[in-house]
Each structure stands twice: as structure tokens, then as C-alpha cells.
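Below is one structure, written out as C-alpha cells, with a few remarks after it.
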Amino acid sequence: MKKAILIFTVFLAACTFQTKHRGYVFPPDLESEVAKIKTTSQLTQEIGSPQAKTIYGDEVWIYYGVDENYRGPLPLKYDNKTVLLAWVNGKTVTDIEVLRDVDLPKVIISEDETQIPAAIELNALQELFNNIGRFSPAGLGQ
């Protein structure tokens, strides 16, 4: 009986419930807040600097926020995903769109690594010998 209580106590201690917010913390009335925004200075003052800006096509500022829910041994779950897209033309904001959980496509993240074009793959020994002579001794000011 004591072993069962001990195992149950350890299992219960592992079942923590924790929510962490990642990215931007948007106000609950986000749609009404962004309806008043007309310039980029207002946008940066109300929401902040964007996490990303597009480099091709129309200039779009991208903001993202999500809640990560930890539930003990259960898989990590994401809730309240929000993406704010702001189309910018110079210093004016031409359009703003707010996407919530239901608006976002179901994207499955691959567990593989993305290969970098022209990357040089070295093992630990090659890395060690590659760094010989690359660093100057301390105190020489070089």
C-alpha cells in the first residue's frame, strides 16, 4: 500500500499544469484596437515591432502569439494562436488582418532538419583541427 501511495504521489507530481505565452500578448479586443491604426508609428506604438517582415512582394508586418500548454506527461498543446498581418505602404498601414486558431491552416512541422545549401558538414575531429590557429592568444589584442 505504501508503494502504491508513493508511486501515485510521484505520478501526481509529474502532472503539472502550466501555460506559457510565446510571442506577442495581444489585447482581448484586438480587432477594435487595430481598426484605429492608420500609420506604422501607431502600429509600433500599440502592438510593437514586428517579428518578421516580408522581403518579396507587398511589405507585410507579421506578429504572432500563442499559448503553450504543458499537461504533465501529455503532449504539448498550443491554444489561442493569433497572427496579425499588417500590409504597409511606406509609413501608412493599408490593411490589417487578424487570424485566429480556426483561420490558420493545419501545418505539420517536420522533425527533419532543413539542409543549408553549400553547407560544409564536419565531424568533431574535423571541427577540432579546423579551429587550430584560428584564435589568437589572450592579451595580444588581435
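In this structure, Glu121 and Gln126 approach most closely via the heavy-atom pair O-OE1, 4.0 Å.
Asn89 CG: 12 or fewer foreign heavy atoms inside a 6.0 Å radius.
Atoms OG1 and NZ, from Thr39 and Lys91 in turn, are 9.5 Å apart once rounded to the nearest 0.5 Å. Here the straight-line distance linking atom CG of Asn69 with atom NZ of Lys20 works out to 12.0 Å at 0.5 Å rounding. Atom CG in Leu85 sits 6.0 Å away from atom CD1 in Ile62 (nearest 0.5 Å). The distance from atom CG of Leu30 to atom CG of Leu84, rounded to the nearest 0.5 Å, is 6.0 Å. If you take CD on Glu31 and CD on Glu97, they are separated by 10.5 Å, rounding to the nearest 0.5 Å. To the nearest 0.5 Å, atom OH of residue Tyr63 and atom CG of residue Leu43 are 3.5 Å apart.
Side-chain contact between Lys38 and Val93 is absent, with no heavy atoms from C-beta onward closer than 4.5 Å.
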Side-chain atoms of residues 51-59: list all donor-acceptor pairs with protein atoms under 3.5 Å, sequence neighbours left out, distances to 0.1 Å.
{"unit_1": "Gln51", "atom_1": "OE1", "unit_2": "Tyr64", "atom_2": "N", "d": "2.7"}
{"unit_1": "Thr54", "atom_1": "OG1", "unit_2": "Asp58", "atom_2": "O", "d": "2.7"}
{"unit_1": "Thr54", "atom_1": "OG1", "unit_2": "Val60", "atom_2": "N", "d": "2.9"}
{"unit_1": "Glu59", "atom_1": "OE2", "unit_2": "Trp61", "atom_2": "NE1", "d": "3.0"}

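Under the side-chain contact (heavy atoms from CB on, under 4.5 Å) criterion, Gln45 pairs with no residue, sequence neighbours left out. Not a single side chain to side chain donor-acceptor pair (under 3.5 Å) links Thr94 to another residue, sequence neighbours left out.
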